[in-house]
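Just below is one structure, and these are the notes that go with it.
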Amino acid sequence: MKIKIPYGAGLTALAALAIGTLFAEPAFAQAAADAAAAPAAPKLDTGDTAWMLTSTALVLMMTIPGLALFYGGMVRKKNVLATVMQSFAITCLVTILWMVVGYSLAFTEGVPQWGDTIGGYVGGLSQVMLNAMTGSSVNGLAKTIPESVYMTYQMTFAIITPALICGAFADRMKFSALLWFMGAWLIFVYCPIAHSVWGPDGFLGGAGVLDFAGGTVVHINAGTAGLVCALVLGKRRGYGAESFAPHNLVLSVIGASLLWVGWFGFNAGSAVAANGTAGMAMAVTQIATAAAGLGWMFAEWIVRGKPSVLGIISGAVAGLVAITPASGFVAPGGALVIGIVAGVGCFWASTSLKHMFGYDDSLDAFGVHAVGGIIGAMLTGVFAREFLNPAVPADPATGTAAVAAKMGLLDGNAGQVLTQAYGVACTLVYCAIATFIILKIIDVIIGLRVSDEVERDGLDLNLHGEVVP
C-alpha cells in the first residue's frame, strides 16, 4: 500500500527541515567534530584473527612436543620420562595460573590506588579469572583480534618460558618442588617482567627497550633463572666423572625441528596481524637460524675437529633465541650477522664459559637462552632499522619509517644500544634475585633436590613409577 503525502505538506516539511538545520548548525558541527575526534572503534579482522589462531597453535607446539623432545633426547635414558613430564606438567599448570591471575598481572594496567610504584611494574586484577572477557572484547594491545585469542597467544609464551628453565637443572630436582617453583616463578618473575616490557604502562617498554617477541621477557629471563637454579641445586651426582651423553639425539633433532617451525608463530605472530611486519619477521627468523646453525657447526669443527649433530641443532636454537627480540626491527642483513654472532657466541658460552666457572647447566639453558638473548637484545639496538610496535598500528599517512625516525630508532642509533643494555640489566638483576629467594623458600619448606639414591637410580622410576624399556 502506498502512502501519499500532499504536495503542500511535503514542501512544509522540507522547509521546516531546512530552517531547523540552519539554526542548529553549530550543534551539528560540534557533533561532527566530536565524532572525528573520537577514537575509532576496534574492528576485528578475520585475516589477523586466523593468523593469530595459527600462531598460537605453533607456539604451543614449541613446548609440547618440541621442547619436551629436544630436552628429553639430551638426558640419560633413566631420566627421559621425568624430563618430558616437566614440559607437559608446566603446560597444564601455567594454563590454569594464567587464566586465574597471570594474564591480568601481565597485560592489564596497574591499579592507580595502589600507588605510582605499581604502575609500570605489574598489572592489576581486572581480569582475574578472565571475568571481564567476552567473545568480542579486545585488548588495547591488539585491537583487530578477539581478546580471547590474544590472551591464549600470550599464554603460550608464559608456558614455554618456565619450561626452558628445566634444561639447567635436569636430572636432579624434585617434581613437587618443580611445581611449586614454576607456579611462584610465573607470578613473581615472569608476569612483572612481561608487564614491564610489553604491558600497556610497562616501565621498560616506556623507556624505549625493544623486545619484539621475547628476547628479554622469555630468553634472558629463563636463562638467568636457569643459572640460579643450577647454582642453588649444585652439580649432578658424578658430574665430571661419569658420562652424561644424550641417550637419543634423534628425539632432540625432531624437537629442535619443531622448535624451528613453531618459532614462526613466536616471532612473526608477535606482529599481532597478518601484515608486512609479520612477513619480514618470518624471513629474518629463517635467515638468522640457519646462520647460527652454521656458525656453531663451523666453530665446533675448528675447535674439536668434528661437527656434531648436537652442535648444529643447538646453534639453530641459539639463532632462534637471538633473532627473537630483533625480528620486527631488523633487515635480512642484520639478521645474518645476529645469527652468526649468536652461533659462535653461544658455542663459547656453552663450552668454555661453563667450564671456566664450573657450574653444571645440564642442557645449556643459560649458555643458549640467556647469552643468546643478550646478544640478540644488544644487536637489536645496532641493527634496528624500522620500529613498529604491534600495539600501535602505523599511521597510513606517515608509515612505519616516519615513526622510526621520530623515535630515533633508524640505522642503529647508539642511544638505543644503551637503552637495550638497561633492559638487559634490569631483567638480569630482578630475575636473579627473585629466583634465588623463591628457591630458598621452597628448599626450606619441602626441599629442592632428590636424594642421592633417587638420582643414581633415575627420576623416571623413583618419581613417576615408569621407565622406558
* **Whether Ser327 side chain and Thr324 backbone form a donor-acceptor pair below 3.5 Å** =>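 Side chain of Ser327 to backbone of Thr324, a donor-acceptor pair under 3.5 Å: yes, one is there.
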
* Asked: Does the Lys78 side chain pair with the main chain of Arg456, one donor and one acceptor, at a distance under 3.5 Å?
  ->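 Yes; judged by distance alone, with no hydrogens or angles, the pair exists.
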
* Begin with the C-alpha distance, continue with both residues' side-chain angles, and end with the deciding distance and a verdict on side-chain contact (heavy atoms from CB on, under 4.5 Å) for Ile193 and Cys431. => CA-CA 8 Å; Ile193 294 294; Cys431 178; 5.6 Å; no

* Please work out whether the ring planes of Tyr422 and Phe203 are parallel, tilted or perpendicular, with thresholds of 30° and 60°. =>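 Tyr422 and Phe203: perpendicular rings.
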
* Geometric class of the Trp185/Phe181 ring pair [parallel <30°, tilted 30-60°, perpendicular >60°] ->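 Tilted.
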
* Around atom OH of Tyr239, are there more than 12 heavy atoms of other residues, nucleotides or ligands at under 6.0 Å? ->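 Atom OH in Tyr239 is packed in, count exceeds 12.
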
* For Tyr359, look at atom OH and say whether over 12 heavy atoms of other residues, nucleotides or ligands are found less than 6.0 Å away. =>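 More than 12 within 6.0 Å, yes.
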
* Test Ile442 against Ile446 for side-chain contact (heavy atoms from CB on, under 4.5 Å), laying out the working first. => CA-CA 6 Å; Ile442 295 173; Ile446 64 172; 3.8 Å; yes

* Test side chain to side chain contact (heavy atoms under 4.5 Å, CB included) applied to His195 and Val217, Leu105, Asp201, the passing residue ->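 Exactly one candidate clears the test, Asp201.
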
* Asked: Of Val284, Val330, Ile287, Val341, which is the lone residue that meets side chain to side chain contact (heavy atoms under 4.5 Å, CB included) with Leu336?
  ->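 Of all the options given, the one that passes is Ile287.
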
* Asked: If you round to the nearest 0.5 Å, how far is OG of Ser350 from CG of Asp361?
  ->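 If we round to the nearest 0.5 Å, Asp361:CG and Ser350:OG are 7.0 Å apart.
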
* How long is the gap from OG1 on Thr63 to CG on Leu258, to the nearest 0.5 Å? ->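 Spacing of OG1 (Thr63) from CG (Leu258) equals 11.0 Å.
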
* **Non-neighbouring partners of Asp360 that pass side chain to side chain donor-acceptor pair (under 3.5 Å), sequence neighbours left out** =>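 Only Arg236 meet the side chain to side chain donor-acceptor pair (under 3.5 Å) criterion with Asp360.
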
* To do: State yes or no: are the ring centers of Phe157 and Phe266 separated by less than 6.0 Å?
  =>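 Yes, ring centres under 6.0 Å apart.
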
